[in-house]
Each structure stands twice: as C-alpha cells, then as structure tokens.
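Start at 1 with the first residue, then count along the sequence.
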Amino acid sequence: MTSPWTPLPDTHPLGGLRPVLEAADAVLGHEPREGYEDRCWVLHTVHDGTRRLRWREILAEAGRPPLDRWPKTPSYLLFQGIEARHDWEGPSDGEIDRACLARLVALLARHGADGPDTPCHAAQAPIEDLGTSVPARAGRLADAPAHHDHCSGRSGASWLQFPANWWAVDGSWFVLTDWDLCATEVFGSAELIAALLADEELEAVRHPSIAETWARG
C-alpha cells in the first residue's frame, strides 16, 4: 500500500520545528510547552470482543482509583495487575489506534479553516532510528487514516508506526503520541479541546502533561 502522505527531504525545515523534533528531550516525541490555548488527552481504545470498554469502567471494576488520581502519564502502567478479560484488546501503546484516529481527524477537520483539506506535516519519533534526521511527511488531514493503514504491520529501522507528531501547517493544532504512552495528547484552540472532551465517541480527559508530571517527580 502506498501512503497518501508524501515523504519530505531531511533538509525540510518543517516550519522551523525540525530542530525541536530532533532535540535530545524529544526522543520519544515532542510535547509543546506553549503556543496553544488548551490541551487534553485522548485515551486509546480498549475492546472486550466487540464491546468498547471505557478506561474509567475498567479501573472501577478493578477497584482502582480513577485516572484523575493517577500521578503519572496515561500508559500501560495504569493497567498493571488488572486481570485482562478473555477478549480484552488494547489500549495501543506508542501509537494511536485507528478508531480514535478517524474520530480525531473528523473533529480536527471541523475546527480548521481548510477542514479535511488542512495541510499537515508529520514526523516520526527519533527513537525509531537514533542518530539520523527524523523521517517526515506532508499531506492532507483527511488522509491520516490511510497513512495509518500504510504503517500497519510494517517493519524496519524507521517508519514503524503512525507518526509520533503530526500537526496543521498553519499552527492551529498539534498532536503527540509519545512512544511509551497509551493516550494521545492534543493541543489547539479552546473550542477544539472542548469539543474533544464532550465527544461521546472519544474518551478524552484532562490530565497533567508529560512535562508537568516530570516536574512533580
């Protein structure tokens, strides 16, 4: 399968972001510290057979505290020690799952001037091929799910999965899926984040950022 997102040369500046994306503290993905009105986490999907399970449901049934009392970032560690159901699948770690991605794309399109035609850039996490320029691509927002399909099941030193970072070229929003996490962090306008938090298909929550979590120790 050929990706609809076009590879960019290693010399492409990515709107001035390339040095930031290749910095030592961005090895698992870059988290913006400023420049956006608001942010939230989109939790990756968990299924029990054909039924979707909400994280809050899993934690409550296991007698665990809710996510808002979890002192760390949303990762697989949150589910350690919980006996998995027979058909429990997910949440995916280090990569947004396709169901979440498709819904996120739809909401991003509603909150951008160019809608589904919004020009985007995307960059892999440096950890995929340390010591080299991060592979990057350009394409339309609407084609993100097709690029996810292109990445599925691939192997090799780089391009292993859907990019850690992808963003609107006009700077209106930015998305991060850190290599180790089971949730995707979205940065954008207050209206966009409010829509994500209110959406019934996504499980989006407010939770401390990666930087805030590290600062608290």
Side-chain angles (χ1 to χ4, degrees), residues 1-7 28-29 39-58 67 73-76 78-79 84-85 87-112 115-125 127-128 135-156 158-168 173-188 192-193 195-205 207:
M1 174 186 292
T2 301
S3 172
W5 281 5
T6 305
L28 303 181
R39 47 164 291 279
C40 70
W41 290 94
V42 174
L43 308 181
H44 297 173
T45 310
V46 181
H47 283 104
D48 183 13
T50 59
R51 187 170 75 92
R52 176 176 179 172
L53 302 176
R54 300 282 177 171
W55 285 35
R56 60 178 178 270
E57 174 187 358
I58 296 170
L67 179 61
T73 45
S75 73
Y76 66 91
L78 188 66
F79 299 97
R85 301 162 187 250
D87 292 322
W88 187 1
E89 297 181 3
S92 59
D93 58 322
E95 179 178 34
I96 190 170
D97 61 272
R98 198 184 191 285
C100 279
L101 173 63
R103 185 59 182 168
L104 176 56
V105 165
L107 292 171
L108 290 172
R110 293 179 188 176
H111 290 82
D117 292 323
T118 298
C120 301
H121 284 158
Q124 305 299 120
I127 195 174
E128 293 188 53
R137 289 182 181 260
R140 297 168 60 246
L141 171 60
D143 291 328
H147 182 60
H148 189 283
D149 294 340
H150 166 76
C151 296
S152 180
R154 291 175 62 82
S155 63
S158 63
W159 307 91
L160 295 179
Q161 55 189 38
F162 194 78
N165 291 127
W166 49 291
W167 62 96
W173 50 262
F174 190 96
V175 179
L176 160 67
T177 304
D178 183 288
W179 187 268
D180 287 337
L181 302 187
C182 295
T184 287
E185 202 171 8
V186 183
F187 303 79
L192 168 62
I193 302 306
L196 294 176
L197 291 168
D199 190 72
E200 294 184 358
E201 293 186 38
L202 291 176
E203 189 174 7
V205 300
H207 197 72

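- Closest approach of His111 to Leu107, counting heavy atoms only: ND1-O, 3.0 Å.
- When the side chain to side chain donor-acceptor pair (under 3.5 Å) test is applied to Thr184, the partners found at least two apart in sequence or on another chain are His44, Thr177.
- Among all heavy-atom pairs drawn from Gly115 and Leu141, the shortest one is O-CD2, 3.7 Å.
- His207 NE2 to Cys40 SG: the interatomic distance, rounded to the nearest 0.5 Å, is 12.5 Å.
- Shortest non-hydrogen contact noted between Ala144 and Val105 is CB-CG2, 3.8 Å.
- Looking only at distances, no side-chain donor or acceptor of Arg137 sits under 3.5 Å from a matching main-chain atom of Cys120.
- Within the model, atoms CZ of Arg103 and CD of Glu203 stand 14.5 Å from one another, a figure rounded to the nearest 0.5 Å.
- In this structure, Leu104 and Val186 have side chains that are in contact, with non-hydrogen atoms separated by less than 4.5 Å.
- Of all the heavy atoms in Ser75 and Cys182, the pair that sits closest is C-SG, 3.8 Å.
- In this structure, Thr50 OG1 and Glu89 CD are separated by 10.5 Å, a value rounded to the nearest 0.5 Å.
- Residues passing the salt bridge (Lys or Arg N to Asp or Glu O under 4.0 Å) test with Asp117 are Arg140, sequence neighbours excluded.
- Checking side-chain atoms of Asp97 against main-chain N and O of Thr45 turns up a donor-acceptor pair under 3.5 Å.
- In terms of heavy atoms, Pro163 sits closest to Ala123 at CB-O, 3.5 Å.
- Not counting sequence neighbours, the partners of Trp173 by the ring pair (Phe, Tyr, Trp, His ring centres under 6.0 Å) test are Trp166.
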message: Working note: Leu78 + Trp55, criterion side chain to side chain contact (heavy atoms under 4.5 Å, CB included); need CA distance, chi angles, decisive distance, verdict.
response: CA-CA 10 Å; Leu78 188 66; Trp55 285 35; 3.6 Å; yes

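- Note: Asp180 CG to Ile127 CD1 = 6.5 Å, rounded to the nearest 0.5 Å.
- Taking the six-membered ring where the residue is Trp, Phe162 and Trp5 present tilted rings, their angle falling between 30° and 60°.
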task: Could you go through the side chain to side chain contact (heavy atoms under 4.5 Å, CB included) check for Ile96 and Val175 one step at a time?
output: CA-CA 10 Å; Ile96 190 170; Val175 179; 5.9 Å; no

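- Within the 3.5 Å criterion, the main-chain N or O of Gln161 finds a donor-acceptor partner in the side chain of Gln124.
- With Ser3 as the fixed residue, the side chain to side chain donor-acceptor pair (under 3.5 Å) test singles out one of His148, His150, His147: His147.
- If you run side chain to side chain contact (heavy atoms under 4.5 Å, CB included) between Trp41 and each of Leu196, Leu197, Leu176, Leu181, only Leu181 comes through.
- Of all the heavy atoms in Leu43 and Ala183, the pair that sits closest is CD2-CB, 3.8 Å.
- Distance check, rounded to the nearest 0.5 Å: CZ of Arg98 to OG of Ser152 gives 9.5 Å.
- Atoms CZ and CG, on Arg56 and Leu67 in that order, are 11.0 Å from each other to the nearest 0.5 Å.
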message: side chain to side chain contact (heavy atoms under 4.5 Å, CB included), that's the test. Do Thr118 and Leu108 meet it? Break it down for me.
response: CA-CA 9 Å; Thr118 298; Leu108 290 172; over 6 Å; no

